[in-house]
Amino acid sequence: MTILDGSIRLTAQLTLPVHQTVPCPLVIIIHGFTGYKEERHILAVAEALEETGCATLRVDMYGHGESEGRFHDHNLFNWLNNAMAVVDYAKSLHFVSDIYLCGHSQGGMITMLAGAMEADRIAGLLPLSPAWMIPEDARNGMLLGRIFDPEHIPPQLTIDETRTLSGNYLRVAQTIHVEDAIRRYQGPVLIVHGEEDETVPVAYAKKAHELYAQSDLVLIPGDTHCYDHHLDQVTDAVRAWMRRQLAAAQ
Ligand code: FER
């Protein structure tokens, strides 16, 4: 299925809950940097949510998966705009009651930022291992373990054998202040983070938990950024939290 964000076509997968009831809540799920909507942890989280009676909408973001745009040109602004277009689309679905936002890593940070922008339209947030240190790191001249001069941004960065990233990614990231977004969102939040994450320090999950008005924090001992060892604990946490939200909304 295609969702239009301006002239950019985003590819998304809508899945109805296991036991269909109408109306039902819908959870938008956003992958991370270089990720896509069929990653193992994205599919597992979607399935867990479908078991609780939610529909899910897994989206390929700008320059990722089957969506339009070049990876080189993606940044937190075009991803944020994508997220808002997807919320508009979810709003237009007549069978949907409440809308939740869930995202992994860079998608988790987008969940936090879009949650603030859409505070009146989003019933809850599920940032999973949110990479919300990216803006602070970008201001300090760090990205993906590489060092650059934050006042003289390079035209592009090499990410791997096949990918480069425009310096504009850093220019955008440097202007973003995630703490402000955290303060703007008063609804319920579930943060999940692996304690042995080497990509995003677990301290950021603890800090976000302190700053949110109303959050639950689930730490997964021994687990990594993409939950290589205990994905079942992630899905258990997501399922239990969503069941509590839906019971409280009754
Ligand atoms: C970074 C650290 C983490 C970064 C991106 C990430 C672009 C995101 C990882 C992910 O989404 O899985 O410095 O720079």
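All values below come from the heavy atoms of this structure, side chains included, with hydrogens, waters and symmetry mates left out. Start at 1 and go down the list; that is how both ligands and their atoms are numbered.
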Quick check on contacts: which atoms of ligand 1 are under 4.0 angstrom from a heavy atom of [X]?
| X | value |
| --- | --- |
| Y169 | 7 (C) |
| G32 | 11 (O) |
| F33 | 7 (C), 8 (C), 9 (C), 10 (C), 11 (O) |

Worksheet entry | Top protein contact for atom 6 (C) of ligand 1, by heavy-atom distance |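 Result: I134 CD1, 3.7 Å.
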Worksheet item: For atom 2 (C) of ligand 1, which protein heavy atom lies nearest, and how many Å away is it?
Response: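 Of the protein heavy atoms, M133 CE, 3.3 Å lies nearest.
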Does some non-hydrogen atom of [X] fall short of 4.0 Å from ligand 1?
| X | result |
| --- | --- |
| H31 | no |
| L143 | yes |
| M142 | no |

Ligand 1 N/O within reach of [X] N/O, cut-off under 3.5 Å:
| X | value |
| --- | --- |
| Q106 | yes |
| V200 | no |
| S105 | yes |
| L144 | yes |
| H225 | yes |

Worksheet item: What residue among E50, E47, E51 forms side-chain hydrogen bond (donor to acceptor under 3.5 Å, both in side chains) with R239?
Response: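 Considering E50, E47, E51, a side-chain hydrogen bond (donor to acceptor under 3.5 Å, both in side chains) with R239 is found only for E51.
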Worksheet entry | Parallel, tilted or perpendicular, as decided by the 30° and 60° cut-offs, for the rings of W79 and H64 |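 H64 and W79: perpendicular rings.
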Is a side-chain N or O of [X] found less than 3.5 angstrom from the main chain of [Y], in a donor-acceptor match?
| X | Y | result |
| --- | --- | --- |
| Y185 | I122 | yes |
| N140 | M142 | no |
| N82 | N78 | yes |

Worksheet item: Do Y227 and S129 have a side chain donor and acceptor closer than 3.5 Å?
Response: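 Result is yes, a qualifying pair exists.
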Fill in: I220 and H229, any side-chain heavy atoms less than 4.5 Å apart
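SC-SC contact between H229 and I220 ruled out.
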Worksheet item: Hey, is R121 close enough to D88 for a salt bridge, meaning N to O under 4.0 Å?
Response: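 The answer is yes: the pair qualifies as a salt bridge.
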Worksheet entry | Ring-ring centroid check H104 H225, cutoff 6.0 Å |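 Close enough - the centres of the two rings lie under 6.0 Å apart.
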